[in-house]
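Inspection log for the structure reproduced underneath, given as structure tokens.
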Amino acid sequence: PNFTNGTGTLDSHWTGYSNYNAANVRLERRSTDLALLAVYTWSKSMDDKSAAAGIGATNGFSGQMDDHNPNLDYARSDFDVGQRFVLSYVYQLPVGRGKKFGSQMNRLADAAVGGWQWTGVATFQQGFPFSVQANDNFSLLEANNQRANVVGNPHANFHKSINQWFNTAVFSQPLAGSFGNSGRNILREPGINNWDMGVGKNFAMGDRASFQFRVEGFNVFNHTQWGVDPGSPSAAASGPGTGAIDRNVNDQPPAANVLFGHVVSARPGRIVQLGGKITF
């Protein structure tokens with residue numbers, strides 16, 4: 001009788017198992033004017049826990065759903081990406097003195113249009129996996145352990161949008177005293193489609209020093225990046241609006257849970273900054 005919900009009872013084995021398989025394709029090109037690197041990774045990471053319980057994991061992990069049957073939690077890791085492509089490049093524009101175009105231009109013209117470089121990083125990847133969670137109906141479970149019941153295909157028979165990222169109709173709150181039957185990390189958050197670019201110009205300052213002026217843009221196409229920081233996947237939402245997607249089923253009428261399945265956060269929009277540095 002002295003145990004109540006929220007007292008912090010936690011008992012998770014300090015053991016676990018995982019496996020990771022991946023295929024990597026890499027393209028690298030270096031020349032006088034260009035340095036280019038493109039990497040594609042196709043991977044699959046599986047485990048029964050992605051962090052040690054109770055030590056401040058970024059994903060809020062506080063133990064397996066049923067510590068007597070940890071196999072129920074064997075699924076894609078919280079940090080599993082699946083597919084990721086990154087392209088990075090530094091291109092010295094072929095304009096200016098000694099370049100392909102305008103090699104004989106005077107110093108004044110060269111100071112204006114010569115010596116520019118174009119740099120960038122483009123990133124595309126799938127979102128992180130997440131579970132659909134339910135209210136604690138055991139009183140001894142830590143928050144974020146219990147998963148919802150599922151009675152259909154969460155990927156079918158609905159129109160996917162930020163207002164319904166998965167088929168919410170197939171999930172429900174488990175009966176009191178029973179574990180949910182949906183698997184761990186069966187859905188994915190929105191992915192990343194991001195372009196960062198910059199242009200810069202070097203100005204000679206004698207024989208041993210130079211000044212570089214840069215204009216840099218992050219998310220230059222202002223593409224909406226739904227979700228949270230990719231370095232901090234949120235696998236737990238204890239209430240509406242606390243993660244990239246509200247994924248917490250409750251036993252209240254639908255009108256009281258209007259955010260369930262909604263995308264409720266986004267990364268920043270386009271950012272432009274100016275910079276300069278002296279090298280010597």
Side-chain angles (χ1 to χ4, degrees), residues 12-30 35-53 55-65 70-90 120-133 144-145 147 150 153-156 160 162 165-167 182-197 218-219 221 223-237 243-245 247 263 265-268:
S12 180
H13 295 289
W14 288 87
T15 59
Y17 58 96
S18 64
N19 70 75
Y20 174 78
N21 295 280
N24 290 278
V25 179
R26 176 188 177 104
L27 171 65
E28 188 169 3
R29 168 69 175 172
R30 293 184 180 273
L36 181 145
L37 177 64
V39 179
Y40 170 73
T41 303
W42 178 38
S43 64
K44 186 176 184 179
S45 179
M46 303 283 290
D47 60 36
D48 63 345
K49 60 171 68 173
S50 295
I55 61 171
T58 57
N59 61 3
F61 177 72
S62 56
Q64 281 135 343
M65 183 174 71
N71 290 333
L72 292 176
D73 279 29
Y74 186 71
R76 289 191 180 266
S77 305
D78 295 342
F79 48 80
D80 177 76
V81 170
Q83 298 189 72
R84 176 178 170 89
F85 176 76
V86 179
L87 171 68
S88 61
Y89 51 89
V90 178
V121 178
T123 304
F124 307 90
Q125 76 171 47
Q126 289 183 301
F128 293 104
F130 69 91
S131 308
V132 177
Q133 296 155 345
N144 309 327
N145 291 57
R147 293 196 290 270
V150 58
N153 186 349
H155 303 282
K160 189 172 185 177
I162 62 171
W165 193 251
F166 53 89
N167 187 354
S182 63
R184 170 176 168 251
N185 288 344
I186 59 175
L187 300 173
R188 284 191 181 272
E189 293 179 351
I192 297 174
N193 176 354
N194 186 69
W195 295 80
D196 298 332
M197 296 181 185
F218 303 92
N219 190 11
F221 298 121
H223 179 79
T224 304
Q225 308 286 333
W226 300 115
V228 294
D229 183 346
S232 302
S234 173
I245 300 172
R247 62 204 68 175
V263 178
S265 65
R267 302 176 186 88

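Taking the side chain as every heavy atom from C-beta outward, Leu72 and Arg147 approach each other to under 4.5 Å. At least one side-chain heavy atom of Phe130 sits less than 4.5 Å from a side-chain heavy atom of Phe166. Two residues are said to be in side-chain contact when any heavy atoms from C-beta on lie closer than 4.5 Å; Ile192 and Phe124 fail this criterion. Side-chain contact check for Val86 versus Thr41: every heavy-atom pair is 4.5 Å or farther apart.
The backbone N or O of Gly127 lies less than 3.5 Å from a partner atom in the side chain of Arg188, making a donor-acceptor pair. In this structure a side-chain-to-backbone donor-acceptor pair under 3.5 Å is present from Asp80 to Ser45. Put simply, the side chain of Gln64 gets close to the backbone of Asp48: a donor and an acceptor are under 3.5 Å apart. Between the side chain of Ser50 and the backbone N or O of Asp78, at least one donor-acceptor pair lies under 3.5 Å. Between the side chain of Asn167 and the main chain of His155, no donor-acceptor pair closer than 3.5 Å is present. Arg26 places no side-chain N or O within 3.5 Å of a backbone atom of Val39 that could act as its donor or acceptor partner. Although no hydrogens or angles enter the test, the distance criterion places no donor-acceptor pair under 3.5 Å between the side chain of Gln83 and the main chain of Ser43.
Remark: the Asp47 side chain and the Ser77 side chain contain an N/O donor-acceptor pair separated by less than 3.5 Å. The closest side-chain donor-acceptor pair between Asn71 and Asp73, if any, does not fall under 3.5 angstrom.
The minimum heavy-atom distance linking Asn185 with Pro129 is given by the pair CB-CB, 3.5 Å. The two residues Asn193 and His223 come nearest to each other via the heavy atoms O-CD2, 3.4 Å. The two atoms that bring Val121 and Tyr89 nearest to each other are N-CE2, 4.5 Å, heavy atoms only.
Not less than 6.0 angstrom separates the ring centroid of Phe85 from the ring centroid of Trp42.
Listed by chain and residue number, Arg184 satisfy the side chain to side chain contact (heavy atoms under 4.5 Å, CB included) test with Ala75 (two or more places apart in sequence, or in another chain).
The line from CH2 of Trp226 to CZ of Arg267 is 11.5 Å long, rounded to the nearest 0.5 Å.
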